[in-house]
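This report concerns only the one structure given below.
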Protein chains: 2
Amino acid sequence: MGETVRWLTPEEQRAWRGFVRLHERLGGRLGRLLQSESRVSPADFAVLVHLTDTPQGRRRYQDLARALEWEKSRMSHHIARMAGRGLVVREECAEDARGAFVVITDAGRAAIEAAAPRHVQAVRDLFVDHVTPAELRVLAEVSERVLAKLDEDTV
Amino acid sequence: MGETVRWLTPEEQRAWRGFVRLHERLGGRLGRLLQSESRVSPADFAVLVHLTDTPQGRRRYQDLARALEWEKSRMSHHIARMAGRGLVVREECAEDARGAFVVITDAGRAAIEAAAPRHVQAVRDLFVDHVTPAELRVLAEVSERVLAKLDEDTV
DNA sequence: CGCTATTCGGTGACCTGTCAACTACGTCTA
DNA sequence: TAGACGTAGTTGACAGGTCACCGAATAGCG
């Protein structure tokens with residue numbers, strides 16, 4: 001092997017490192033806000049959002065896992081913890097005896113209804129409102145393109 | 001309170017969720033690559049990079065922590081683990097008896113020299129090479145602007 | 001039908017990161 | 001120089017995640 005690596009140019013580095021740091025800091029900040037104001041972690045929040053997307057507030061584990069791009073074991077551990085805190089309950093599945101549903105509880109609904117407005121507001125205040133529409137479009141396009149590439153070459 | 005939240009518009013959502021997912025997936029992928037090819041985690045890598053930036057290959061804990069934007073306790077735990085694997089050593093500080101240095105070892109240098117080219121190549125293959133220079137510039141600008149805001153209003 | 005594949009989810013060991021004290025040292029000031 | 005306050009790093013308990021593996025149920029094929 002020729003060991004010929006094209007290192008990143010300064011502009012490339014600037015973009016790459018900016019991107020990474022931005023996500024780390026923003027994620028950390030939003031997570032702490034969510035946690036401290038609503039006793040809900042970002043992961044909990046994501047689960048609850050996906051549950052409230054369905055009329056019954058219930059979804060199969062596997063289905064949720066695919067939607068969130070989580071591993072099934074993570075799903076299992078996390079739902080167990082959330083169930084422990086009363087945000088969701090687990091329910092057996094009649095059609096497929098292997099499977100199970102995750103169902104949101106009233107406490108779960110209350111939690112997300114309390115958390116959502118503040119969270120959205122924070123996303124606005126900390127991010128969206130500092131980015132122009134044109135820039136948002138670029139971000140969206142870049143994300144989609146790169147994500148598509150990622151999907152492609154794992155297979 | 002009027003409970004008036006401006007929810008995200010579709011374009012805003014698209015950009016925000018794209019951004020979040022992109023980082024998650026890209027981070028996961030790069031991390032696994034690094035780990036599997038070089039036995040070095042992304043966090044290890046970051047530490048080693050910062051150490052090799054100095055001529056002596058040594059830095060104060062606190063200094064490193066600021067550079068990486070890590071909490072001091074994370075620093076402490078992580079360095080302990082890296083020291084356990086022989087990548088760095090801890091060294092007392094003469095001038096300030098409270099403090100200490102983290103010093104890279106030969107094994108640490110070897111590890112990063114093995115890991116860096118592959119890592120950079122992966123960042124290229126999975127990200128940089130799918131983004132135009134203009135888009136990179138937008139990314140960098142947005143990151144810097146938003147990071148600056150974050151710095152501001154924490155204080 | 002019977003055997004193998006695969007899928008669904010759970011489990012336990014282990015690694016990382018956070019939070020909240022805590023120790024020990026340094027600095028500033030009355 | 002004593003006391004208060006700040007700073008450097010550590011520690012332990014805990015939440016979150018990954019990995020490798022397991023057991024049960026189902027699908028699919030000969």
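Chain letters run A, B, ... following the sequence lines, proteins first, then strands; residues in each count from 1. Everything numeric here is computed off the predicted structure, so don't read it as measured data.
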The residue, B:Arg32 or A:Gln35, whose nearest nucleotide of DNA chain D is more 5′ is A:Gln35

How would you list all residue pairs meeting ring-ring contact (aromatic ring centres under 6.0 Å, His included) that involve residues 72-103 of chain B, not counting sequence neighbours? B:Trp70-B:His78

Give the first and the last nucleotide of DNA chain C, reading 5' to 3', that has any atom under 4.0 Å from a heavy atom of chain B. C:dT16 to C:dG26

Its glycosidic angle compared against 90° from 0, C:dA5 adopts the form syn

According to the Watson-Crick and G-U wobble definitions, with both distances under 3.5 Å, which nucleotide is paired to D:dA2? C:dT29

For DNA chain C, find the residues of residues 36-60 of chain B with a heavy-atom distance under 4.0 Å and give them by number; none if there aren't any. none

With side chains defined as the heavy atoms from C-beta onward, is the minimum distance between B:Val131 and A:Val146 less than 4.5 Å? yes

Those residues of residues 67-76 of chain A lying under 4.0 Å from DNA chain C by at least one heavy atom: A:Lys72, A:Ser73, A:Ser76

Applying side-chain hydrogen bond (donor to acceptor under 3.5 Å, both in side chains), can you list everything that pairs with B:Thr132, at least two apart in sequence or on another chain? B:Glu135

Check this for me, if you would: do B:Arg25 and A:Asp151 make a salt bridge, where the nitrogen-to-carboxylate-oxygen distance has to be below 4.0 angstrom? yes

Flag side-chain contact, heavy atom, 4.5 Å: A:Lys149 against B:Leu126: no

Contacting residues from residues 77-97 of chain A, given that a heavy atom lies under 4.0 angstrom of DNA chain C: A:His77, A:Arg90

Got a sec, which residues hit side-chain hydrogen bond (donor to acceptor under 3.5 Å, both in side chains) with A:Arg85, two or more places apart in sequence or on another chain? A:Asp44

Should B:Leu64 and B:Leu51 count as side-chain neighbours, where that means a heavy-atom distance under 4.5 Å? yes

Keeping to residues at least two apart or across chains, list the ring-ring contact (aromatic ring centres under 6.0 Å, His included) pairs with something in residues 33-64 of chain A. A:Phe45-A:His119

So which heavy atom on A:Pro42 is nearest to which on A:Gly31, and how close? CG-CA, 3.6 Å

Is A:Asp106 atom CG crowded by more than 12 heavy atoms from other residues, nucleotides or ligands, each under 6.0 Å away? no

According to ring-ring contact (aromatic ring centres under 6.0 Å, His included), does anything in residues 123-148 of chain B pair up with another residue at least two apart or in another chain? List the pairs. A:Trp16-B:Phe127, A:Phe19-B:Phe127

What pairs with A:Glu141 under side-chain hydrogen bond (donor to acceptor under 3.5 Å, both in side chains), at least two apart in sequence or on another chain? none

Contact between A:Met82 and A:Leu48 at the side-chain level, heavy atoms closer than 4.5 Å - yes or no? yes

All side-chain hydrogen bond (donor to acceptor under 3.5 Å, both in side chains) counterparts of B:Arg90, not counting sequence neighbours: B:Glu92

First and last nt of DNA chain D near chain B, cut-off under 4.0 Å to heavy atoms, 5' to 3', are D:dG6 to D:dC19

Applying the 3.5 Å cut-off to both distances, the Watson-Crick or G-U partner of D:dG30 turns out to be C:dC1

Note, B:Arg60 side chain near B:Asp96 side chain (heavy atom, < 4.5 Å): yes

